[in-house]
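For reference, the structure discussed in these notes is given below.
Side chains are part of it too, since the values below use all heavy atoms of this structure and drop only hydrogens, waters and symmetry mates.
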Amino acid sequence: MTRTAHAAQYSRPMASMIDSHCHLDDSAFAFDREAVVERARAAGVVGFLVAGVGPETWDAQRALASGDVSVRWSAGVHPCVAARLTPHA
């Protein structure tokens with residue numbers, strides 16, 4: 001879907017929101033990820049920022065973002081993961 005088509009489809013009089021910290025890449029959403037996203041869109045969410053946890057999650061996050069213009073990802077490192085990383089990770 002192009003950005004223009006996306007904007008037209010979700011332009012509503014309600015307030016637009018961006019979920020600025022979500023984990024749509026989590027395996028908990030493996031079976032209903034699209035339904036979760038559609039419910040959020042129906043509630044006015046127009047964008048999602050999938051928060052990075054560690055290098056092992058970045059490929060899945062990148063793939064999610066490449067398939068949907070409303071999804072962005074961040075190559076973040078959660079503090080719980082940072083302690084086990086090496087400088088070359």
Side-chain angles (χ1 to χ4, degrees):
M1 176 181 299
T2 66
R3 290 192 188 281
T4 305
H6 174 77
Q9 182 178 3
Y10 295 103
S11 60
R12 298 182 179 149
M14 71 170 76
S16 296
M17 297 174 279
I18 295 175
D19 186 338
S20 63
H21 186 124
C22 61
H23 295 279
L24 291 173
D25 59 310
D26 192 282
S27 62
F29 299 111
F31 300 106
D32 65 347
R33 184 175 292 112
E34 290 181 27
V36 168
V37 169
E38 285 307 314
R39 284 194 305 274
R41 286 181 175 148
V45 178
V46 297
F48 305 86
L49 177 60
V50 180
V53 174
E56 67 278 1
T57 65
W58 297 345
D59 288 339
Q61 293 168 335
R62 186 181 301 114
L64 246 166
S66 71
D68 187 331
V69 297
S70 69
V71 177
R72 299 287 188 261
W73 71 284
S74 64
V77 176
H78 193 279
C80 294
V81 174
R84 64 178 167 81
L85 295 179
T86 65
H88 302 288

**Request:** Could you grab the distance from atom OG of S20 to atom CZ of R72, nearest 0.5 Å is fine?
**Result:** 14.5 Å
**Item:** Closest heavy-atom pair and its distance - A28, D26
**Value:** N-OD1, 2.7 Å
Which donor-acceptor pairs under 3.5 Å do the side chains of residues 46-54 make with protein atoms, sequence neighbours left out?
none

**Message:** For a 4.5 angstrom cut-off between non-hydrogen side-chain atoms, does H23 reach T57?
**Reply:** no
**Message:** In the structure I gave you, are the side-chain heavy atoms of L24 and W73 within less than 4.5 Å of one another anywhere?
**Reply:** no
**Residue list, side chain to side chain donor-acceptor pair (under 3.5 Å) with R62, at least two apart or on another chain** = D59
**Asked** Residues two or more places apart in sequence or in another chain: which of them pass side chain to side chain donor-acceptor pair (under 3.5 Å) with H78?
**Response** none
**Prompt:** Step by step, would you call W58 with V77 a side-chain contact (heavy atoms from CB on, under 4.5 Å)?
**Reply:** CA-CA 10 Å; W58 297 345; V77 176; 4.0 Å; yes
